[in-house]
There are 2 protein chains.
Amino acid sequence: MRAVEPIRWTSDGVVLLDQRRLPGEEIHHTYTDYRDVAKAIKDMEIRGAPAIGVAAAMGIALGVQQSKAKDLRELRADFANICDDFACTRPTAVDLFWAIERFKTRFDDLARSSDAGDGSVRKIQHALVDEAQKVHQERRDADERIGRFGAELMPKSGRVMTQCNAGALATGGIGTALGVIRTAVENGAGFEVLVPETRPYLQGARLTAWELHHDGIPLTLITDNMVGHFLKTGKVGAVVVGADRIARNGDTANKIGTYGIAVLAREHNVPFYVAAPISTLDLKLASGDEIPIEERSQEEVTHLAGKRISPDVRAAHPAFDVTPSRLIAAIITERGVARAPYEDSLTKLARAHS
Amino acid sequence: MRAVEPIRWTSDGVVLLDQRRLPGEEIHHTYTDYRDVAKAIKDMEIRGAPAIGVAAAMGIALGVQQSKAKDLRELRADFANICDDFACTRPTAVDLFWAIERFKTRFDDLARSSDAGDGSVRKIQHALVDEAQKVHQERRDADERIGRFGAELMPKSGRVMTQCNAGALATGGIGTALGVIRTAVENGAGFEVLVPETRPYLQGARLTAWELHHDGIPLTLITDNMVGHFLKTGKVGAVVVGADRIARNGDTANKIGTYGIAVLAREHNVPFYVAAPISTLDLKLASGDEIPIEERSQEEVTHLAGKRISPDVRAAHPAFDVTPSRLIAAIITERGVARAPYEDSLTKLARAHS
C-alpha cells in the first residue's frame, strides 16, 4: 500500500496533485517555473500546513535552479526575490515560514564557504535541491514514526473514527492521523474507518474518503451530526485526529468539530488520540485559551459548490476549535507518545533530540 | 409576528407552500383536486408528520367536497377511494393514518344519523370540511399551548439552539420547538437562535433559517460540527428540539444529530428540552431501544444539490438517533411540562383530558 503523493520532485519539475479538483478529478501539474508553485500554494491547489512547507521548499529550490545568475551576488538577489514570493502566498501557514527560514540559513552557510564565482552558484543550486528533498524526506520519516507509535494504540477490528484530513494530502508523507491508520492496517488491523464529511469545506468527504479509497482501506462516510450515534452504537474502538496547534498543557486546536467528537468519545469511553509532529507544539502558549480561532468566510457555510443552500442570513464560521487535554488519551509524535500530565511529557519530547 | 402558513383551506381550494423550493423560492400551489394534494404529500412538497396529518385531513375533505355522489352509498364509495389514495402517500407517517382514521369514524357517525338521500350527501360534505378545519385548529392550539409552556423555560437573552425544523413548516401551527422560541420572543425574550444546518437534508439551513428570518427572529446559521464549540463559548442558555417519537421512559427519537447535541449540552450544563405534542408519545415502547431507526438513501450523504461531493464510497444514513431521557431536562407538551421520572409524568399527561 502506497499513500498518494501530493508533491514530488522530478527531473521534469515539481509535480503537484490539484486537491481542489478532488475527488472528481485526479490531475497532476508539473511545474518548471517556481512562480507557478507559489501560485499553486496561494490558490490552495495544495493545502495542509506540513505539505505547504514541503511544497515551498521544493519551489524555492526550483527557483534557485532556474536562476541565470553568473555569480554569488546575483544568485543572492534572485534567492531573496524567490523567498519573498513564497512568503506572500499563505501568510498564516507556520510551516511555510519555517521552510523559508531553513533555506535562508542553509543559503548563508553555503555562501560563507564558497568563493564568489559561477562554480559556487552551481554548488549552491545543487545543494538547495538536495535540501528540498531532505525536507520532504524528513517529513516522510516523521509521518512513518508517528504511524508506528500510533498503530500500537489502534484496535484490531471494529471501527476507528477520524476527522477532516490529516493524511498524505496534508503532509506529503503518509499523513499523521491517516498515517497511524495506514500503519495499523499494514500491520494487519482489520478495522473500518468512519469518516465525518467535515463541513463546511468537506475535507473528510472530498479528501480523506478519497485517500482511503485510493489505498483500499475500508471506510464509511458519515455526516458530522452522525458522530454521536456511531460512537454510541457503531463499535468505535478509537478516534485519531491531527492537530493545527498544541499548547504546552496539551490543549489542541484542530478543525472545527474536533472538540465535539472528543466530548462524545469520552461519553462512550472511546480513547481520543491526537497525532501530530513536534513542529505543531507551541510551548509558548500555556493553554488552549491562548490559541486564536480563525473566523473564515460565511459564504463557505451558506453556499455549497457555488450554490446557496440557505436564505440570506448571518452564518458563523470558526475554522477551528480547541479540545482540552483532559479529553485526550495521548498525543502521538515522531519522538514518542505523550500522555498526561502533558506539560511534562510534551516539554520532554520537544527538548529530546530526534 | 405571524408564522408562515404551509397549509391553508380557502374557498379556492387547499393552498400548500412548496417546501422543496425553499429557501430559494416561495411558491404556493392552490389545489382544487384532492389527487393533487395526495401527490403533494407523496412528493414531499409538504413534510413534517403533524403537517402531513393536517394536509391529509384537508385533502380528504376536498375529495369529499368534489364528489358527484347522488346518495350516501355513492359517497361512501368515493370516500373509501379517497382515503385509500392518501394512505399510499407516505406509508410511515403516523399522523397520516391518524387523520384517515379520524375521518372514517366521523363519516360513519354522520352516515348513521342521516337518511340515504342527497340531503345527507351535502350534510356530510359540509361536516367533513368543518372537520378538516377543526383538525388544523386543534393542531394550532396544541402548538400555541406548547409555546406558552415552553416559553417560560427559555432564557431572556444570550442564545437558544435548536436542530432540524420543528417549526410552522412541520406542523401547520407555530411549530413545536420553534413555537416555544416564537412565543418566548413574542413575550419579550431577546435571545438569538443558533441553527445547525442539519445535514444531509439541510432542514436547518433551508427551512428553520427561512422561517426565523421570515419572522424577524435573529439567528446565526452554523454547520453541525460547530455545536460543541458554540455550547462551550457561545452563551447558549437552552437547547429546544422537536421529536419524532417518545418512548414511555422519555427516551426520544429525533433527527440525526440530536443525541450529540444533548450530550454536548449536558457537558456545558445547558438545559436540553424536547417540545412535542402528546400524539408523539408511544407508551407501548418501554425505552428508546425499541424505536426503529430508519436508514435512508446513501446518495443524500454523497451528493448535495444533485452534485457528487465524495468519491464512490459507502456512506451511512441513519435518519434519526435516540436521546436517552437522562439528558432531557423536560418534555414540553400541550398538556404541560413533563420532568423525570418520565414514566410517571408522561403517563399522567397522556391520560389527562386536554
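Chain identifiers are assigned alphabetically (A, B, ...) following the order of the sequence lines, protein sequences preceding nucleic acid strands; residue numbering begins at 1 within each chain.
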Q) Which residue out of B/Thr323, B/Thr258, B/Asp312, B/Ile309 racks up the most heavy-atom pairs below 4.5 Å with chain A? A) B/Ile309
Q.
I'd like to verify something: which residue of A/Gly24, A/Ala262, A/Pro218, A/Ala209 has the highest number of heavy-atom pairs under 4.5 Å with chain B?
A. A/Ala209
**Q.** chain B contact via A/Leu304 - which portion, at a heavy-atom distance below 4.5 Å
**A.** side chain
Q | Full working for side chain to side chain donor-acceptor pair (under 3.5 Å) between B/Thr252 and B/Asn254 | A | CA-CA 6 Å; B/Thr252 296; B/Asn254 191 43; over 6 Å; no
Q.
Let's test your reading of the structure: which of B/Leu264, B/Ile222, B/Thr233 forms the most heavy-atom pairs below 4.5 Å with chain A?
A. B/Leu264
**Q.** A/Glu192, part contacting chain B, at a heavy-atom distance under 4.5 Å
**A.** side chain
Q) Do the numbers put A/Arg266 on top of the ring of A/Phe272, so that NZ or CZ is under 6.0 Å from the six-membered ring centre and no more than 45° off the axis? A) no
**Q.** Intermediate values then yes/no, side chain to side chain contact (heavy atoms under 4.5 Å, CB included), A/Thr162 and A/Val239
**A.** CA-CA 6 Å; A/Thr162 186; A/Val239 178; over 6 Å; no
Q: Go through the atoms of B/Leu202 and report whether side chain, backbone, both or neither lie under 4.5 Å from a heavy atom of chain A.
A: side chain
Q. Relative to chain B, which segment of A/Ile256 carries a heavy atom at a distance below 4.5 Å: side chain, backbone, both, or neither?
A. both
Q | Salt bridge flag under 4.0 Å for residues B/Arg296 and B/Glu294 | A | yes
(Q) Within the 3.5 Å criterion, strictly below it, is a donor on B/Ser287 or B/Asn249 matched to an acceptor on the partner's side chain? (A) no
Q: Just give me the residue among A/Gly204, A/Pro318, A/Gly260 that pairs up with chain B most often, heavy atom to heavy atom, under 4.5 Å.
A: A/Pro318
Q. Which region of A/Pro311, side chain (C-beta onward) or backbone (N, CA, C, O), has a non-hydrogen atom less than 4.5 Å from a non-hydrogen atom of chain B, or is it both or neither?
A. both
Q) Taking the six-membered ring where the residue is Trp, are the ring centres of B/His268 and A/Tyr259 under 6.0 Å apart? A) yes
Q) Who among A/Lys232, A/Arg308, A/Glu267 has the most heavy-atom pairs with chain B under 4.5 Å? A) A/Lys232
Q. What part of B/Val322 is in contact with chain A, defined as an atom under 4.5 angstrom from a non-hydrogen atom: side chain, backbone, both or neither?
A. both
Q) Does a salt bridge link B/Asp282 with B/Arg245, judged by any charged N lying under 4.0 Å from a carboxylate O? A) yes
**Q.** Ion pair B/Arg182/B/Asp215, N-O distance below 4.0 Å
**A.** yes
Q) Side chain, backbone, both or neither: which part of A/Phe230 has a non-hydrogen atom closer than 4.5 Å to chain B? A) side chain
Q.
Distance alone, cut at 3.5 Å: any donor-acceptor contact between the side chains of A/Arg206 and A/Asn165?
A. no
Q.
Looking at chain A, which one of B/His317, B/Glu197, B/Gln163 has the largest number of heavy-atom pairs inside 4.5 Å, strictly under?
A. B/Glu197
Q. What residue in A/Val227, A/Val301, A/Leu194 has the most heavy-atom pairs under 4.5 Å with chain B?
A. A/Val301
Q. Is it the case that B/Gln298 and B/Arg314 place a side-chain donor and acceptor less than 3.5 Å from each other?
A. no
(Q) Looking only at heavy atoms and a cut-off of under 4.5 Å, which of A/Lys255, A/His229, A/Lys307 has the most pairs with chain B? (A) A/His229
Q. Using a cut-off of under 4.5 Å for heavy-atom pairs, which of A/Asp321, A/Thr302, A/Thr220 has the most such pairs with chain B?
A. A/Thr220
